[in-house]
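These notes are about the structure you will find just below.
As a basis for the values below, the full set of heavy atoms in this structure was taken, side chains included, without hydrogen atoms, waters or symmetry mates. Lettering of chains follows the sequences in order, A, B, ..., and the numbering in each one begins at 1.
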Number of protein chains: 2
Amino acid sequence: MGRLSTIRDETVFAAAGAQLASEGAVTLQGLVAATGISIGSLYHRYGSREGLLAQAWIDAVSTFQDRFLAALAAGDEEAGLQAALATPRFCREQRDRAIILCCCRQVDFIAPATPPANLQTVRTINDKVAAALQAHAGKSGHSLAACRMGMVAFPLGAVRLYLPGQAVPEDVDDYVEAGFRAAMNADTGARS
Amino acid sequence: MGRLSTIRDETVFAAAGAQLASEGAVTLQGLVAATGISIGSLYHRYGSREGLLAQAWIDAVSTFQDRFLAALAAGDEEAGLQAALATPRFCREQRDRAIILCCCRQVDFIAPATPPANLQTVRTINDKVAAALQAHAGKSGHSLAACRMGMVAFPLGAVRLYLPGQAVPEDVDDYVEAGFRAAMNADTGARS
DNA sequence: CATATAATAGAATGCAAATTCTAGTAAAGC
DNA sequence: GCTTTACTAGAATTTGCATTCTATTATATG
């Protein structure tokens with residue numbers, strides 16, 4: 001029961017990401033202007049500025065993580081490539097969340113003043129991805145460095161050529177694939 | 001004539017970059033604490049917070065630009081590769097400036113409130129790099145997108161795996177080279 | 001319809017950081 | 001050694017933003 005919220009979390013989080021990407025900082029007044037929400041609602045719903053930012057980050061990261069881990073979990077020969085391609089695809093299908101992940105930094109959302117509960121959630125998420133990467137490295141016989149390069153660094157660098165201003169073109173996937181294979185081949189620490 | 005400054009610009013700029021990378025924001029009090037400079041000196045030397053940030057960015061970008069353009073200017077077969085490698089090399093030799101370039105964003109330093117003179121300088125620098133890339137694309141027969149991918153996006157993504165916390169390992173150069181060649185080969189818009 | 005609950009709303013407050021301002025200090029030229 | 005010039009220094013002020021607080025509005029349930 002009780003009154004229903006008029007403005008969705010999604011809208012607020014997207015506005016925060018957009019402001020951070022374009023201005024370099026988020027102000028609550030800015031969010032009020034961008035979304036029409038009131039200061040009172042912001043504090044009622046998110047507790048504090050830090051809480052709001054932390055939730056926005058967690059929302060974006062966990063959504064992406066689901067796809068990235070699912071791709072890796074396939075476990076077959078091309079699992080790594082699918083994980084690499086998860087980044088450009090995410091940028092097209094979840095643009096607002098991708099802007100938070102690709103155009104901002106964790107430090108913009110997660111700070112010492114972040115509520116402990118949120119801080120713990122972030123740690124769990126980060127650990128999970130790190131572990132999955134580690135596991136994939138072991139299974140595929142490649143070094144962790146090569147996996148991070150081909151599945152994280154190159155894809156991120158690629159989409160950042162376009163976000164936040166432009167759409168990520170389809171042919172970025174070709175470059176990501178080429179970069180992924182190159183990283184795997186260049187793997188000086190390969191074990192197989 | 002006149003009194004000599006005791007703390008070098010370089011030191012102040014590096015502190016600004018370090019703070020931005022680790023905390024996500026720069027405060028003048030933070031710079032005072034990190035470098036020992038006084039508030040009065042900051043305003044005397046840089047005019048304003050915006051002026052200071054703009055100068056720090058310009059210092060970092062123009063230093064990098066010199067190397068990047070020099071590599072491209074060689075003009076031979078491997079000029080593109082040398083330009084791609086300029087990024088990891090810069091990270092090792094000019095770490096403080098590299099942190100500003102690789103771990104921060106232009107928007108953190110250049111804003112609407114940036115002094116017009118500095119704004120103009122930044123525009124000139126950006127245009128120069130864009131033109132050189134464009135020229136290299138034409139000369140080498142590759143698309144501009146492929147050149148930006150292999151010479152900017154992949155190298156940047158690669159070093160960001162390590163900066164600002166760790167040194168950029170030597171083998172990153174191998175991945176950057178592999179990524180560069182992959183981008184050139186994957187070039188769907190190649191003209192030769 | 002009455003009541004409890006949850007959300008909206010925005011003016012008032014407090015705080016942290018940027019900026020201003022006045023005084024003091026070191027180097028170079030005459 | 002005197003003057004000019006450029007830099008240092010930090011207290012006082014202002015400003016912009018986060019946060020608090022009280023009132024109000026909308027929905028669900030009995």
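Here T6(A) reaches the OP1 or OP2 of dT8(C): one of its side-chain N or O atoms lies under 4.0 Å away. One finds a side-chain N or O of S41(B) lying less than 4.0 angstrom from the OP1 or OP2 phosphate oxygen of dT8(D). Contact check, R45(A) against dT8(C): a side-chain N or O comes under 4.0 Å of OP1 or OP2.
One side chain, Q82(A) or R89(A), offers a donor N or O that lies under 3.5 Å from an acceptor on the other. Side-chain contact of T124(B) with T121(B): a donor-acceptor pair under 3.5 Å is absent, judged by distance alone. For the residue pair Q55(A) / R45(A), no side-chain donor-acceptor distance below 3.5 Å is found, with atom types taken as modelled.
Judged by distance alone, the side chain of R160(A) and the main-chain N or O of A153(B) form no donor-acceptor pair under 3.5 Å. Remark: side-chain polar atoms of D76(B) are paired, donor with acceptor, to backbone N or O of A79(B) under 3.5 angstrom. In this structure a side-chain-to-backbone donor-acceptor pair under 3.5 Å is present from R95(B) to P164(B). Proximity of a side-chain donor or acceptor of D187(B) to a complementary backbone N or O of S143(B) within less than 3.5 Å is detected. Counting only distance, with no hydrogens or angles, the side chain of Q19(A) and the backbone of G30(A) share a donor-acceptor pair below 3.5 Å.
Taking atom OH of Y46(A) as the reference point, atom P of dA6(C) lies 17 Å away to the nearest angstrom. Atom OH of Y43(B) and atom P of dT14(D) are 15 Å apart (whole Å). To the nearest angstrom, P of dC17(D) lies 16 Å from CD of E50(A). Look at CG on L52(A): it is 14 Å from C1' on dT19(D), rounded to the nearest Å. What separates CG of L42(A) from P of dA6(C) is a distance of 19 Å, to the nearest Å. The interatomic distance linking D9(A) (CG) with dA7(C) (C1') rounds to 12 Å, in whole Å.
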Reading nucleotides 23-30 of chain D 5' to 3', which nucleotides get B (base under 4.0 Å from a protein heavy atom), which S (sugar-phosphate only), which -? --BBBSS-
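The residues E10(A) and R97(A) are annotated as not salt-bridged, no charged nitrogen and carboxylate oxygen being separated by less than 4.0 angstrom.
Using a 4.0 Å cut-off on heavy atoms, none of the residues of residues 12-33 of chain A approach DNA chain C. Using a 4.0 Å cut-off on heavy atoms, none of the residues of residues 108-122 of chain B approach DNA chain C.
Residues C102(B) and L156(B) approach most closely at SG-CD2, 3.8 Å, considering heavy atoms.
A distance of 6.0 Å separates CG in L31(B) from CG in L42(B), rounded to the nearest 0.5 Å.
Nearest to the side chain of H44(B), among dC7(D), dT8(C), dT19(D), sits dC7(D). Of the candidates dG10(D), dT8(D), dT19(D), the closest approach to any side-chain atom of I39(B) belongs to dG10(D).
Residue contacts shown for S5(B) are limited to sugar-phosphate atoms, with no base heavy atom under 4.0 Å away.
By the 4.5 Å heavy-atom criterion applied to side chains, I58(B) and F109(B) are not counted as neighbours.
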